[in-house]
S.K.: 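I am attaching a structure below and will ask some questions about it afterwards.
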Protein chains: 2
Amino acid sequence: MKKKRKYYKVQEYIKKNIQQGIYPIGSYLPSENDICKQFDITRTTARKALDELLKDGFIEKEHGKGSKVLERSKSLGLLTVKGFTEAANHKIKTVMLQEPKIDNWSPSIAFPLKQDEIQAKCVYFQRVRYINDKPIMLEHNWYAEDALELIKPDDFIEGSFFKTLSQKYFIEIKGSKQELRAEPANKEVANNLGLEEGEAVLHISICFKTSNPTLNLYSELYCNTSEFPIRNSYFL
Amino acid sequence: MKKKRKYYKVQEYIKKNIQQGIYPIGSYLPSENDICKQFDITRTTARKALDELLKDGFIEKEHGKGSKVLERSKSLGLLTVKGFTEAANHKIKTVMLQEPKIDNWSPSIAFPLKQDEIQAKCVYFQRVRYINDKPIMLEHNWYAEDALELIKPDDFIEGSFFKTLSQKYFIEIKGSKQELRAEPANKEVANNLGLEEGEAVLHISICFKTSNPTLNLYSELYCNTSEFPIRNSYFL
DNA sequence: AGTTTTAACTTGTACGTACAAGTTAAAATG
DNA sequence: CATTTTAACTTGTACGTACAAGTTAAAACT
């Protein structure tokens, strides 16, 4: 029944081209009139497609110039992976402490699992993120084993799980729930982040929803924020 | 030049009626056709106005039924006042430690002030938020004295600064920048939140942008997250 | 050569029309 | 009376047209 939504097809086509780099970041999309010709639609429909991409943060429009492709991933609550990779000017390093493996769900996951998920096993992986060779964040990540194949470390695009999802599997992050707590570091966290036990760390629990309804990502993050606070901004 | 944007006038008219409770939360707006008649516009234009309100989180649309007025303030990054007041089922109390007064800008504000602001004085007020009679959050708030009059405590609508802004001054929050740090509590924080010095607290620095370009709000918050973690969710 | 004007692009706003599709309550049916 | 059908609403999609307004580079002018 949704086959009739022409604008949706156009939207998905353009989105795919952005994700695959055919329309590179910073470049301008074909003009609205070009899109009309290409898909044999009216400008109303083409604009509707672009409006959706605008809302999703894929493009911005410049009056008189065109639609420019944006860097993806703004406005995902706080500290998406972007919040981290974005710490520009700084040397980022990621060390995989535990490569993705089939495992049982951990009780340390803060958010309740769905029925479907709890019955399957899960894929688990653990990483430490460094800035300027200082360990800043300890990451635990889980997702349902039957929702997505086990991704090997070599398949990570630029070390980013989200980029891999987007570019290899065309899965987008649709939203997230998060909980934040200031906690004293336990032994594991202290060891991995080079802190004393009991020092204050920021504990962030996240449940990411994706465009694949069966795939949720669960992350438990422990951050040393003394030097690099977590930043977040949102604009309507 | 912007006078010509009919949809904007309609949008602002409806927004005002929502803010003033003429279109109450949960009710349905007049239908698109009614709006057309009322403003002598076509449905295209009426829908454009509603689209904007949809984007801004004022309404949601229900196919075949109508446009429903939403509770305001979703998706403002994390922990807007809503994030707090929302802790439903719990008894919330707010104690004003320092009523709004003219003061000098404090160096403890994490975000850089604008040139215009730094030259003026500011209005400062300090509050402690309680949940179930336990002090949970210590708040410091500042805004430029020449951007908005000094609001007296009695004028706070339901104890909420944001509701007051919205309903009395028609000023909306347009976005925010935030920084999060896990820190050991200092003496002032520990005293006000009933903690030991050195216990981990969540320090949140916020700069709110408003629909009044000259008015920014600066807040430094200190949270005891051990019992009530800060929640945040975002959906595209 | 340097400046101004123009023409050809771009997106923004708004008109009007038509039909599809979801919702609801009244009317027709058994 | 209970069920089904219909009619009258709602929003969703898409057509086509026209002109306004911002941008840019080529053309015309001084």
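Chain identifiers are assigned alphabetically (A, B, ...) following the order of the sequence lines, protein sequences preceding nucleic acid strands; residue numbering begins at 1 within each chain.
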S.K.: Less than 4.5 Å apart, any side-chain heavy atom of B/Y23 and any of B/P30?
M.R.: yes
S.K.: What is the distance, to the nearest angstrom, from the CD atom on B/E60 to the P atom on C/dG22?
M.R.: 18 Å
S.K.: B/F125: what forms a ring pair (Phe, Tyr, Trp, His ring centres under 6.0 Å) with it, not counting sequence neighbours?
M.R.: B/F156, B/F161
S.K.: Tell me the interatomic distance from B/R47, atom CZ, to C/dC15, atom P, rounded to whole angstroms.
M.R.: 15 Å
S.K.: Can you name the residues that form a side-chain contact (heavy atoms from CB on, under 4.5 Å) with A/S106, not counting sequence neighbours?
M.R.: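 Residues passing side-chain contact (heavy atoms from CB on, under 4.5 Å) with A/S106: A/S108, A/W142.
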S.K.: Can you measure A/K48 atom NZ to D/dT11 atom P for me and round it to whole angstrom units?
M.R.: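 These atoms are roughly 14 Å apart.
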S.K.: Quick one: A/L50 CG to C/dT11 C1', roughly how many Å, whole number?
M.R.: 10 Å
S.K.: With heavy atoms under 4.0 Å as the rule, sort A/Y7 into base, sugar-phosphate or nothing.
M.R.: sugar-phosphate
S.K.: Restricting to ring pair (Phe, Tyr, Trp, His ring centres under 6.0 Å), what partner residues turn up for B/F39, sequence neighbours left out?
M.R.: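 Residues passing ring pair (Phe, Tyr, Trp, His ring centres under 6.0 Å) with B/F39: B/Y13.
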S.K.: Test of understanding: with side-chain contact (heavy atoms from CB on, under 4.5 Å), list the residues that count as partners of A/E149, not counting sequence neighbours.
M.R.: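 Partners of A/E149 under the side-chain contact (heavy atoms from CB on, under 4.5 Å) test: A/Y169.
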S.K.: Got a sec, which residues hit salt bridge (charged side-chain N to carboxylate O under 4.0 Å, His left out) with A/K68, two or more places apart in sequence or on another chain?
M.R.: A/E62
S.K.: Holding to side-chain contact (heavy atoms from CB on, under 4.5 Å), I want the full list of residues that pass it with A/R181, two or more places apart in sequence or in another chain.
M.R.: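 By the side-chain contact (heavy atoms from CB on, under 4.5 Å) rule, A/R181 matches A/E179, A/E183, A/H203, A/S205, B/T225, B/P229.
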S.K.: Could you tell me how far apart A/I35 (CD1) and C/dT11 (C1') are, to the nearest whole angstrom?
M.R.: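 Answer to the nearest Å: 12 Å.
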S.K.: Test of understanding: with salt bridge (charged side-chain N to carboxylate O under 4.0 Å, His left out), list the residues that count as partners of B/D103, not counting sequence neighbours.
M.R.: B/K101
S.K.: Atom pairs, N/O to N/O, protein against nucleotides 6-10 of chain D, distance under 3.5 Å?
M.R.:
residue	atom	partner	partner atom	Å
D/dT10	OP1	B/S31	OG	2.9

S.K.: In whole angstroms, how far is the C1' atom of D/dA14 from the OH atom of A/Y8?
M.R.: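 Going from OH in A/Y8 over to C1' in D/dA14 covers 18 Å.
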S.K.: Of the candidate nucleotides C/dC15, C/dG12, D/dT11, which contains the atom at the shortest distance from the side chain of B/K6?
M.R.: C/dC15
S.K.: Grab the CZ-P distance between B/R5 and D/dA21 for me, whole Å please.
M.R.: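 The answer, rounded to whole Å, is 12 Å.
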S.K.: Using the C1' atoms of the five pairs at each end, what is the angle between the end axes of the helix from C/dA1-D/dT30 to C/dG30-D/dC1, to 10°?
M.R.: 10°
S.K.: Using whole Å, report how far CZ of B/F39 lies from C1' of C/dA14.
M.R.: 16 Å
S.K.: According to side-chain contact (heavy atoms from CB on, under 4.5 Å), who are the partners of A/S31, at least two apart in sequence or on a separate chain?
M.R.: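 Residues passing side-chain contact (heavy atoms from CB on, under 4.5 Å) with A/S31: A/N33, A/D34.
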S.K.: Using the 3.5 Å cut-off, write out each protein N or O paired with an N or O of nucleotides 17-19 of chain D and the distance between them.
M.R.:
none

S.K.: Can you sort out the partners of A/Y7 under ring pair (Phe, Tyr, Trp, His ring centres under 6.0 Å), two or more places apart, ordered by chain and number?
M.R.: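 Partners of A/Y7 under the ring pair (Phe, Tyr, Trp, His ring centres under 6.0 Å) test: none.
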S.K.: Can B/K121 and B/E145 be counted as an ion pair, charged N to O under 4.0 angstrom?
M.R.: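 Answer for the salt bridge query: no.
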